[in-house]
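Proteins come first, then strands; the chains are lettered A, B, ... in the order of their sequence lines, and each starts at number 1.
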Amino acid sequence: MEYIKDKIEKIVSEYVKREFGKEYPVRFLNPPKISMGDLTLSSAFEIGKRERKNPKEIAEKLKALLNEIDEIEKIDIAGPGYINLFLNKEKYFNNIKNVIDYKKSGKKTGKTIVEHTNINPNKAAHIGHMRNAVLGDTLVRMLKFTGEEVEVQNYIDDTGVQVADVVYGALYIDNKSIDDLRKIEKIDYYLWDLYVRVYENDSEESKNRRREVHHKIEKGKSPEREYAEFISLAVLKRHLETVERLGIYYDVLPRESDIIALKFWDSAFELMKKSGVIYFQDEGENRGCWVMKVFEDGEEREKVIVKSNGAITYVGKDISYHLWKFGLLKKDFYYKKFDKRHYITTSKSEEAEEGISFGSGKRVFNVIDQRQSYLQNIVKKAISKMGYEEAAENLTHFSYEVVALSKKSAEEMGFKVEEGKSFVEVSGRKGVGVKADDLIDELERRALSEVRKRHPEFSSEKSESIARMISSSALRYYMLKYTLNSLIVFDFDEALKFEGETGPYLQYSNVRMKSLFRKFEEETGIKVEDEIKPPYFFESFESDKLESLWEAIVIASRFDSELDASIKNLEPSRLAKFAFLLCQKLNYIYNNFPVIKEKDREKRKITLFTLHFLYKQLNKTLDILGIEKPEAM
RNA sequence: GCGCCCGUAGCUCAACAGGAUAGAGCAUUGGAUUUCUAAUCCAAAUGUUGGGGGUUCGAGUCCCUCCGGGCGCGCCA
């Protein structure tokens with residue numbers, strides 16, 4: 001489809017240039033119904049509006065020009081000026097290889113850094129974190145598919161108050177030694193409860209002691225620091241195990257403690273002072289602080305970057321970290337292996353593995369929920385004001401709404417829901433939330449029971465492996481099907497579904513196709529790839545039947561533009577919906593068009609071809625969505 | 001107080017940058033397997049797109065206003 005669109009674009013652009021001496025973007029629409037056309041060109045409206053011409057007249061002119069394109073069979077002008085194009089089916093079918101393999105010449109951006117997940121290493125991951133990880137991972141897959149170089153970072157805030165609070169709990173509430181902690185199997189679960197207990201009986205005294213613990217952790221060498229290091233790494237390991245269940249990995253795990261130890265801030269501070277972005281305030285309420293001016297709605301405000309006690313604020317650390325991401329800081333971390341798949345930062349040069357380096361991206365995406373918009377914006381402004389306008393321009397906050405718990409689900413778990421509220425906010429401090437591992441366990445359990453029911457002959461190993469793929473896809477699709485600014489009100493009934501618009505439905509459709517092709521080859525002795533080679537003859541097909549196959553082909557041909565739009569609008573849900581649509585078409589054809597039993601070889605060939613084309617497009621889409629494809633279900 | 005986001009079918013959500021008759025899933029009712037996996041498919045029913053006004057060839061989408069909801073605005077991270 002992109003192949004034909006490019007041809008059309010060229011002709012329209014040339015026309016606009018010749019006639020008006022200008023350049024307008026050429027845009028296409030999908031007709032609401034395939035009977036109206038295979039593709040709609042909306043240029044008549046755009047040109048008409050800008051040149052104050054009647055859209056219909058422009059449409060007529062374009063129609064005459066576009067008639068020359070070989071692949072276009074008919075052009076209709078509809079309504080106020082839609083240019084509806086009908087493709088020549090025969091030519092399209094026979095040329096489908098070009099359609100699939102055609103690649104628009106895109107320009108490479110340079111290295112893109114995507115930061116996502118970023119779970120505080122002080123308790124178990126919950127479903128909200130999974131939304132972040134799945135969105136981030138899918139963004140990575142989308143970019144990689146288009147050939148971009150992508151580096152994936154998962155930032156570990158191992159010196160924050162959250163970690164300090166559980167260190168305090170382990171030390172002073174539970175009196176655990178590090179060895180005791182080491183013996184706990186799921187330390188993230190233990191800390192989930194401990195974290196709640198820390199806040200349950202909070203007092204002025206405990207508050208002070210927590211602050212003291214936090215201080216000691218930031219300062220360096222102390223027992224508290226050792227606890228913090230042990231806990232954050234142990235929990236990190238658990239988090240990585242959790243996201244691995246969804247097929248999610250990272251290139252590097254930058255640690256805040258290393259940012260502090262390597263004094264990233266000092267370099268950033270120098271740069272900020274030099275560019276005049278921050279200055280010392282010697283009066284008013286921010287007396288003794290280094291502050292940055294922020295303009296908000298015409299008003300000038302001060303944002304504290306260095307506190308009066310010399311400590312750096314969160315924004316300050318974030319600014320220095322982002323300067324590093326763009327390679328603008330004259331400093332770098334050292335890196336060592338954390339496990340088989342991940343590198344982690346270290347501040348000790350003697351631990352460093354040689355020849356390994358990260359950061360210095362051309363473009364950065366931060367996958368962080370919508371509540372952080374204000375701070376993300378300040379970081380962006382700071383970088384821009386320091387004179388790095390290009391970097392600021394290439395810094396994108398990939399923002400999304402959070403996950404809350406439905407009233408029903410919350411009550412099932414024994415949480416109180418405020419009167420009149422239909423959902424409850426997830427809160428680590430209160431322990432309100434669904435642990436990711438618990439949810440995945442439950443999904444796996446249900447999937448396994450379904451697989452066993454359907455395939456009692458499978459070995460338990462095989463069944464379990466399939467169940468794992470199903471549970472992973474169920475969760476991934478659940479997190480992806482909502483648009484970014486839709487608040488997900490998590491509901492067990494909805495999330496545990498395997499029917500309808502779900503990940504398992506997509507997998508099932510894929511499995512059906514695979515097994516159909518396999519059976520076809522077994523029974524006929526002909527390879528599918530050989531069978532579907534051109535030429536095609538449509539005469540034998542009833543026209544309405546052919547039309548529904550054609551519709552499926554047109555829809556499947558939109559893969560490239562759908563991926564493109566998903567990336568441009570930063571909206572992975574769009575691609576998820578597209579996968580679902582493909583599967584609906586696949587299943588419809590599957591149910592209504594016989595293949596192996598079809599006596600008419602031409603009909604069989606065209607049906608098989610259509611299914612195969614959809615299957616190929618679906619496979620690419622599933623890969624990008626991170627949905628695995630089981631052999632059987 | 002200021003700023004951002006949201007309000008669409010009984011429920012959960014779509015609607016591509018302002019485009020054509022606002023669509024899916026779930027739930028409900030009825031149907032499909034001598035035929036390629038029924039985690040499937042088909043059919044029926046469901047709407048004053050929160051209310052009102054404006055902009056234009058055209059508004060769920062943009063502007064104003066009102067109502068209802070969410071979030072953010074720290075010398076917390």
Inset, instruction - Find the distance A:Asp282:CG to B:C75:P and express it as a whole number of Å. - result: 17 Å

Inset, instruction - Taking atom C1' in both B:A32 and B:G51, compute the distance separating them and give it to the nearest angstrom. - result: 46 Å

Inset, instruction - Could I get the full list of side-chain hydrogen bond (donor to acceptor under 3.5 Å, both in side chains) partners for A:Glu562, not counting sequence neighbours? - result: A:Arg574

Inset, instruction - Please work out if A:Val291 contacts a base, only the sugar-phosphate, or nothing of the nucleic acid, heavy-atom cut-off 4.0 Å. - result: nothing

Inset, instruction - Just call it for A:Arg446: base, sugar-phosphate, or nothing, with non-hydrogen atoms closer than 4.0 Å on any strand. - result: nothing

Inset, instruction - Hey, can you tell me if A:Phe578 and A:Phe559 have their rings parallel, tilted or perpendicular (30° and 60° cut-offs)? - result: tilted

Inset, instruction - Write down the distance between CG (A:Asn485) and P (B:C71), rounded to a whole number of angstrom. - result: 15 Å

Legend entry - Donor + acceptor pair across side chains of A:Asn154, A:His239 (<3.5 Å): no

Legend entry - Contact summary for A:Ala579 and A:Leu625, nearest pair of heavy atoms: CB-CD1, 3.7 Å

Inset, instruction - Indicate, with a heavy-atom threshold strictly under 4.0 Å, whether A:Phe498 touches base, sugar-phosphate, or nothing. - result: base

Inset, instruction - For B:C75 versus B:G70, give the span between their P atoms, rounded off to a whole number of Å. - result: 26 Å

Inset, instruction - Check every strand shown and say whether A:Val315 touches a base, only sugar-phosphate, or nothing at a heavy-atom separation below 4.0 Å. - result: nothing

Legend entry - Touch class at under 4.0 angstrom, heavy-atom based, for A:Tyr314 against every strand present: base

Inset, instruction - Assess whether one donor atom and one acceptor atom, taken from the side chain of A:Ser373 and the base of B:C4, lie less than 3.5 Å apart. - result: no

Legend entry - A:Glu46 with A:Lys49: basic N within carboxylate O range, under 4.0 Å: no

Inset, instruction - Could you work out the separation of B:C5 and B:A14 based on their P atoms and round it to a whole Å? - result: 16 Å

Inset, instruction - Figure out the CG/C1' separation between A:Asp491 and B:C13, and round it to whole Å. - result: 13 Å

Inset, instruction - Show your working on side chain to side chain contact (heavy atoms under 4.5 Å, CB included) between A:Val424 and A:Lys407 and close with a plain yes or no. - result: CA-CA 7 Å; A:Val424 53; A:Lys407 185 178 170 156; over 6 Å; no

Legend entry - Footprint string (nucleotides 19-36 of chain B, 5' to 3'): B base within contact, S backbone only, - free, heavy atoms under 4.0 Å: BB---SSS--------SB

Legend entry - N-O pairing of A:Lys568 and A:Asp564 below 4.0 Å: yes

Legend entry - Dot-bracket pairing map - RNA chain B, Watson-Crick plus G-U, both contacts under 3.5 Å, | cross-strand: (((((((..((((.....[...)))).(((((.......))))).....(((((..]....))))))))))))....

Inset, instruction - Taking atom C1' in both B:U56 and B:G19, compute the distance separating them and give it to the nearest angstrom. - result: 12 Å

Legend entry - Among B:A15, B:C6, B:A39, the one nearest A:Tyr508 by side-chain distance: B:A39

Inset, instruction - Have a look at A:Lys303 and say if it touches a base, only the backbone sugar-phosphate, or nothing, with a 4.0 Å heavy-atom cut-off. - result: sugar-phosphate

Legend entry - Rounded distance (Å) that lies between atom P of B:A77 and atom CD1 of A:Ile368: 16 Å

Legend entry - Which residues share a salt bridge (Lys or Arg N to Asp or Glu O under 4.0 Å) with A:Lys453, sequence neighbours left out: A:Glu450

Inset, instruction - Quick one: which residue pairs count as a ring pair (Phe, Tyr, Trp, His ring centres under 6.0 Å) with a foot in residues 464-493 of chain A, not counting sequence neighbours? - result: A:Tyr478-A:Tyr482, A:Tyr478-A:Phe490, A:Phe490-A:Phe492

Inset, instruction - Quickly work out the A:Arg287 CZ to B:G74 P distance and round it to whole Å. - result: 22 Å

Legend entry - All salt bridge (Lys or Arg N to Asp or Glu O under 4.0 Å) counterparts of A:Arg601, not counting sequence neighbours: A:Glu531

Inset, instruction - Look at A:Glu551 together with A:Lys545 and state whether they make a salt bridge at an N to O cut-off of under 4.0 Å. - result: no

Inset, instruction - Kindly assign one of parallel, tilted or perpendicular to the pair A:Phe609 and A:Phe613, based on the angle between their ring planes and the thresholds 30° and 60°. - result: parallel

Inset, instruction - Could you check whether A:Asn569 gets within reach of a base, just the sugar-phosphate, or nothing at all, counting any heavy atom under 4.0 Å? - result: sugar-phosphate

Legend entry - B:C36 versus B:U46 - spacing of their P atoms, nearest Å: 36 Å

Legend entry - A:Lys453 side-chain N/O to B:A38 phosphate OP1/OP2 under 4.0 Å: no

Inset, instruction - Check the distance between B:C71's P and A:His397's NE2 and give it to me in whole angstrom. - result: 16 Å

Legend entry - First encountered from the 5' end of RNA chain B, between A:Tyr482 and A:Val306: A:Tyr482

Inset, instruction - Can you figure out which of B:C71, B:A15, B:C73 approaches the side chain of A:Arg301 most closely? - result: B:C73

Inset, instruction - Pick base, sugar-phosphate or nothing for A:Leu375, based on heavy-atom distances below 4.0 Å to the nucleic acid. - result: base

Inset, instruction - Examine B:C5: is either OP1 or OP2 under 4.0 Å from a nitrogen or oxygen in the side chain of A:Ser486? Give yes or no. - result: no

Inset, instruction - Just call it for A:Ala632: base, sugar-phosphate, or nothing, with non-hydrogen atoms closer than 4.0 Å on any strand. - result: base

Legend entry - Of the listed nucleotides B:C71, B:U40, B:C5, the one nearest the side chain of A:Asn587: B:U40

Inset, instruction - Mind calculating the distance between CZ (A:Phe578) and C1' (B:A15) to the nearest angstrom? - result: 16 Å

Legend entry - A:Arg574 CZ to B:A17 C1', straight-line distance once rounded to whole Å: 10 Å

Inset, instruction - Return yes if the base of B:A39 and the side-chain atoms of A:Arg454 contain a donor-acceptor N/O pair under 3.5 Å, otherwise no. - result: yes

Inset, instruction - Could you work out the separation of B:C16 and B:A22 based on their P atoms and round it to a whole Å? - result: 14 Å

Inset, instruction - Provide the distance between the two P atoms, one in B:A9 and one in B:G23, to the nearest whole Å. - result: 14 Å

Inset, instruction - Answer yes or no: side-chain N or O of A:Arg371 and base N or O of B:C71 forming a donor-acceptor pair under 3.5 Å. - result: no

Inset, instruction - May I ask you to decide if the ring planes of A:Phe280 and A:Trp290 are parallel, tilted or perpendicular, using 30° and 60° as cut-offs? - result: perpendicular

Inset, instruction - Classify the nucleic acid contact of A:Ile470 as base, sugar-phosphate or nothing, counting any heavy atom under 4.0 Å across all strands shown. - result: base

Legend entry - C1' spacing across the pair B:C2 / B:C62, given as an integer number of angstrom: 23 Å

Inset, instruction - Remember a base hit wins even if backbone is also touched, and classify A:Glu256 as base, sugar-phosphate or nothing at under 4.0 Å, heavy atoms. - result: sugar-phosphate

